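In what follows, chains carry the letters A, B, and so on, assigned in the order in which the sequence lines appear, proteins first and then strands, with residues in each chain numbered from 1. In this text the structure is predicted, and so the values were computed from the model without any measurement.
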There are 2 protein chains.
Amino acid sequence: MPATATAISARSVPAFALDPNSVISVRDATVRPLAKTPTRCSSCNLREICLPCGFSGQDTDRLDELVYTRRTVKRGESLYRAGDAFNSLYAVRSGFFKTTQTLEDGRDQVTGFQMAGEILGMDGIGPEQHGCSAVALEDSQVCVIPYARLEQLSHEMPGMQRQFHKMMSREIVREHGVMLLLGSMRAEERLAAFLLNLSQRFTARGYSPSEFNLRMTREEIGSFLGLKLETVSRLFSRFHEESLIKVWQKSISILDIAGLRRLMGQRMH
Amino acid sequence: MPATATAISARSVPAFALDPNSVISVRDATVRPLAKTPTRCSSCNLREICLPCGFSGQDTDRLDELVYTRRTVKRGESLYRAGDAFNSLYAVRSGFFKTTQTLEDGRDQVTGFQMAGEILGMDGIGPEQHGCSAVALEDSQVCVIPYARLEQLSHEMPGMQRQFHKMMSREIVREHGVMLLLGSMRAEERLAAFLLNLSQRFTARGYSPSEFNLRMTREEIGSFLGLKLETVSRLFSRFHEESLIKVWQKSISILDIAGLRRLMGQRMH
DNA sequence: CGGGGATTTGACACATATCAAGAGCGGTGG
DNA sequence: CCACCGCTCTTGATATGTGTCAAATCCCCG
């Protein structure tokens, strides 16, 4: 069986994020009144794809002790920068972020894109300071999760501890996927994998799997994929010609998911 | 300031492992009688670079509750394989491992090399099964850390919990470094970074910073660095010609650390 | 001591980077 | 409302780094 997008982004290689097991019917979630008490995890419409995922009602309530602040980050602003002291993790409540890692000589690289329900800042725990910067790609809001409180709650609730371990572990798995992508895929495979991954993550959030807007520039995509922006642009054009996708500026329609998946299976030959 | 090896492998980009803060005088450690009760963390000569790092005497004793089994893995054998159920983490006690991630079409990639004191298997926690395989590159021994017990102990000892979080976080940081390497460095920079990282890790274990034996083949190095084995071989030859290193089969002498560091700073231009 | 994998090295191919120019779009200010 | 400016994107021509294929040698392991 050739490598399918599902395989890449979901099973052994969750290329960028989100366990497929947490792919939920968001319709169900959105039926409920939207965030009457919006700072509470227990009533958050993201609870099934965010930190609370997997908790039962009673336990979810306890999460409300954890998250008591929101923070708004305008497009282009940083949530934190490399070198900042580490105090909190952040759950994306709305909007879109990129994380970038910088080398002393100025080179820097996008290490990930984060959307609603995803957690930012886990790389800061070990060094006790952030190693990368998180920048909002559109006006965004995050829930602040003070790490000390998370530790405390993990101590009291074994379920919480395990949930948090799982989240960190999944981040490691996600990065393995990116390493595979950067280390062994050709440019067209990388871009196909990228699009399929975005599609999957939008789907999990109740959006269309095939129509979405890119929040990032060609350069940011290229940086993430280890390619130059011109290469990304050319590939978009080629995918367009081949009727795999429709691109117009930042708006993307995926026309042939199976075709993209097929692309990904091809060995560097 | 150009990117130095130290920068890459130590500070913002701990390219492959091991926090420089844990770079200890191993001489001190090796003075003590070597493993009279060798299954105990409290008397293990690796305790300053392994899981117990950072614990005081009393706490270290409690670690002995955690690790009660050793396992020997012969060269070429797997410690675990992708798809195996996840039960335990493993601390390398002696020897050398590689971890590989596989794609359905047969492509696979080395995602890391692990030496004494480093932890294997953290990617299994989230999915509850191992996503990659760990293979011994020489006859090796690992300490088995049952995950359930680790959770238990984390619950009882806040310090343990934090220590474990830090370890996972550092693994994330390490992988960020690899992503940077794969995404934005040229072949010669990658190999230089690789050699410097190995050197640093050997140093931290009390071995020579400049003379060591590679345990892995050119192909495995290439796979890890996203290069073909021929490219790795050619680069070794070139570094040799340029008197940066001396290579003879698997044995390496680094002749000019500063030169290798300089190499790494060069932009992909 | 034999054999098969590992390594080296060369010639060549090709994917992607680089350089360059121009077009499109969006925001800002007159 | 229009004009301008800057940034993003597209596209072409060309350069180059690294992959591919092939052959010979080496050496380690059984």
Side-chain angles (χ1 to χ4, degrees), chain A residues 74-76 98 107 109-110 135 137-139 181-194 213-242 245-252 263-264 266-269, chain B residues 74-77 98 107 109-110 135-139 181-194 213-242 245-252 263-264 266-269:
Chain A
K74 291 230 186 78
R75 174 184 172 150
K98 68 170 177 182
R107 260 188 289 199
Q109 176 162 9
V110 174
V135 177
L137 296 180
E138 59 184 31
D139 293 355
L181 180 140
L182 291 173
S184 68
M185 286 171 125
R186 302 151 38 86
E188 59 179 20
E189 298 178 275
R190 295 185 199 184
L191 191 63
F194 176 70
N213 272 68
L214 298 172
R215 271 73 172 182
M216 65 296 276
T217 66
R218 304 288 189 261
E219 184 166 22
E220 285 160 338
I221 296 172
S223 170
F224 179 62
L225 298 178
L227 302 170
K228 292 295 160 186
L229 70 99
E230 295 95 329
T231 304
V232 173
S233 176
R234 269 185 253 272
L235 285 171
F236 271 138
S237 301
R238 208 171 88 212
F239 286 3
H240 190 113
E241 281 167 32
E242 295 169 353
I245 61 176
K246 223 172 71 184
V247 210
W248 201 75
Q249 297 293 110
K250 305 228 160 158
S251 104
I252 298 276
L263 253 188
M264 274 189 38
Q266 287 164 210
R267 273 177 161 294
M268 186 190 289
H269 109 136
Chain B
K74 291 228 185 80
R75 173 184 174 150
E77 289 178 355
K98 68 170 177 182
R107 259 187 290 198
Q109 176 161 9
V110 174
V135 177
L137 296 181
E138 59 184 31
D139 292 355
L181 179 139
L182 292 173
S184 69
M185 286 172 125
R186 303 152 35 89
E188 59 179 20
E189 297 177 277
R190 295 184 200 185
L191 191 63
F194 175 71
N213 271 69
L214 300 173
R215 270 73 172 183
M216 65 296 277
T217 66
R218 305 287 190 259
E219 183 166 23
E220 286 161 339
I221 297 171
S223 170
F224 179 63
L225 299 178
L227 302 170
K228 291 295 159 187
L229 70 98
E230 294 95 330
T231 304
V232 173
S233 175
R234 269 186 253 272
L235 285 171
F236 271 139
S237 301
R238 207 171 87 212
F239 286 2
H240 189 112
E241 281 168 32
E242 294 169 353
I245 62 176
K246 222 171 70 180
V247 210
W248 174 248
Q249 296 293 111
K250 305 229 158 156
S251 104
I252 298 277
L263 253 188
M264 274 189 38
Q266 287 164 209
R267 275 180 159 292
M268 187 190 289
H269 108 136

Other residues, nucleotides, ligands: >12 heavy atoms within 6.0 Å of A/K246 NZ | no
Here the distance between atom P of C/dT7 and atom CG of B/L214, to the nearest Å, is 9 Å
Using a cut-off of under 3.5 Å, enumerate the N/O to N/O pairs linking the protein to nucleotides 12-15 of chain D.
{"from": "D/dG12", "atom 1": "N7", "to": "A/R234", "atom 2": "NH1", "distance (Å)": "2.8"}
{"from": "D/dG12", "atom 1": "O6", "to": "A/R234", "atom 2": "NH2", "distance (Å)": "3.1"}
{"from": "D/dA13", "atom 1": "N6", "to": "A/R234", "atom 2": "NH2", "distance (Å)": "3.4"}

Would you mind classifying the nucleic acid contact of B/L227 as base, sugar-phosphate or nothing, using non-hydrogen atoms under 4.0 angstrom?
-> sugar-phosphate
Taking NZ, NE, NH1 and NH2 as the nitrogens, is one of them in A/K228 or A/E230 under 4.0 Å from a carboxylate oxygen of the other?
-> no
If only side-chain N and O atoms of B/S237 are considered, is one of them under 4.0 Å from the OP1 or OP2 phosphate oxygen of C/dT9?
-> yes
Would you classify A/T217 as touching base, sugar-phosphate or nothing, given that sugar-phosphate means primed atoms plus P, OP1 and OP2, and contacts are heavy atoms under 4.0 Å?
-> sugar-phosphate
What string of B, S and - do you get for nucleotides 23-30 of chain D 5' to 3' if you count protein non-hydrogen atoms under 4.0 Å?
-> ----S-S-
Calculate, to the nearest 0.5 Å, the distance between atoms NZ and CD belonging to B/K98 and B/Q109 respectively.
-> 12.0 Å
Spell out, as yes or no, whether a donor-acceptor pair under 3.5 Å connects the side chain of A/R190 to the backbone of A/M185.
-> yes
Return yes when atom CD of A/E138 has more than 12 non-hydrogen atoms of other residues, nucleotides or ligands closer than 6.0 Å, and no otherwise.
-> yes
Could you give the distance from CD1 (A/I245) to CZ (A/R238), rounded to the nearest 0.5 Å?
-> 11.0 Å
Exercise: identify the closest heavy-atom pair between A/S223 and A/V110 | OG-N, 2.9 Å
May I ask you to verify if any side-chain N or O of B/T231 is less than 4.0 angstrom from the OP1 or OP2 atom of D/dG19?
-> yes
What is the distance from CD1 of B/I221 to P of D/dG19, rounded to the nearest Å?
-> 14 Å
Describe the nucleic acid contact of B/G76 in one word from base, sugar-phosphate, nothing, applying a heavy-atom distance below 4.0 Å.
-> nothing
Output for pair (B/I221 CD1, B/F224 CZ), nearest 0.5 Å, gives 10.5 Å
Within the structure shown, what part of the strands sits under 4.0 Å from A/G222 by heavy-atom distance: base, sugar-phosphate, or nothing?
-> nothing
d(B/R75 CZ, B/L137 CG) to nearest 0.5 Å is 8.0 Å
